[in-house]
Amino acid sequence: QTITIMKNLTKVFVFILGIAVLTGCSDTDSVLHQSLSPEIQKALNAAIEDEFKAQVTYWRILNDFGSQTKPFSNILNAEVKHADAIANLLNTYSLSVPANTFNVTDMPAFSTVKDACAAGAIAEVENIELYDKFLKLDLPSDVRNVFENNRKASLNNHLPAFNACK
């Protein structure tokens, strides 16, 4: 009887999977684990590395000028969220999350907060360009959403904040 139940459950699963494929189900994670191409895996790794670098750079600036230095204190929190969103994607696709290997002492030191803001603005422009490049790929919807959200935060929040303090 257990074997009959298992056979029937297998038939139901195959049937549901077939319907999902035929209807173009976009939520493939709920039906079948989707793998990512090496190109998308590289994009995820490059994106998280860029977010890690920004985090450590902003930690350096906060260490040098004080933990409440605006806009770095706010933007640092956002960068952590961006990296967390990418790490969640890597976990979703059973990929390893790289360690943040950047060191605060290796990040540039700035003479003034204005100089740091100018460098922050350049870094955000480069971050936006990085996401623009990745968004040209054929991405699964969850990866696309994270990349678009991170890009929008850089364009609409971080870059204007750095430009305002230059």
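Counting from 1, the numbers follow the sequence of the chain as shown.
- When every heavy atom of F65 is checked against every heavy atom of T112, the shortest pair comes out as CZ-C, 3.6 Å.
- A donor-acceptor pair shorter than 3.5 Å can be found between the side chains of E124 and S154.
- Counting only heavy atoms from C-beta outward, the side chains of E79 and H158 approach each other to under 4.5 Å.
- Contact check on R60 versus D64 returns a salt bridge, with a Lys/Arg side-chain nitrogen under 4.0 Å from an Asp/Glu carboxylate oxygen.
- Counting heavy atoms from C-beta on, the side chains of N150 and I86 come closer than 4.5 Å.
- F147 and I128 fall into different hydrophobic clusters, where Ile, Leu, Val, Met, Phe, Trp and Tyr side chains are chained together by heavy-atom contacts under 4.5 Å.
- Cluster membership check: Y58 does not share its hydrophobic cluster with I122, using side-chain heavy-atom separations under 4.5 Å among Ile, Leu, Val, Met, Phe, Trp and Tyr.
- No donor-acceptor pair under 3.5 Å is formed between the side chain of Q68 and the backbone N or O of S73.
- When side chains are defined from C-beta on, K70 does not count as touching C165, because their heavy atoms never get closer than 4.5 Å.
- At distances below 3.5 Å, not a single donor-acceptor pair connects side-chain atoms of N127 with backbone N or O atoms of A123.
- For the pair L155 and Y131, the minimum side-chain heavy-atom distance is 4.5 Å or more.
- No option in V97, L139, V143 other than V143 meets the side-chain contact (heavy atoms from CB on, under 4.5 Å) test with L44.
- The backbone N or O of N145 lies less than 3.5 Å from a partner atom in the side chain of N149, making a donor-acceptor pair.
- Side-chain contact check for S37 versus D138: every heavy-atom pair is 4.5 Å or farther apart.
- Residues satisfying the side-chain contact (heavy atoms from CB on, under 4.5 Å) criterion with V125, sequence neighbours excluded, are E129, L159.
- Proximity of F134 to I40: side-chain heavy atoms (C-beta onward) are nowhere separated by under 4.5 Å.
- Taking the ring-ring contact (aromatic ring centres under 6.0 Å, His included) definition, one finds that F52 meets it with nothing, sequence neighbours left out.
- Inter-residue side-chain proximity for C117 and F72 is flagged as met; some heavy-atom pair is nearer than 4.5 Å.
- Shown here for A161 and I75, the closest heavy-atom pair between the two residues is CB-CD1, 4.0 Å.
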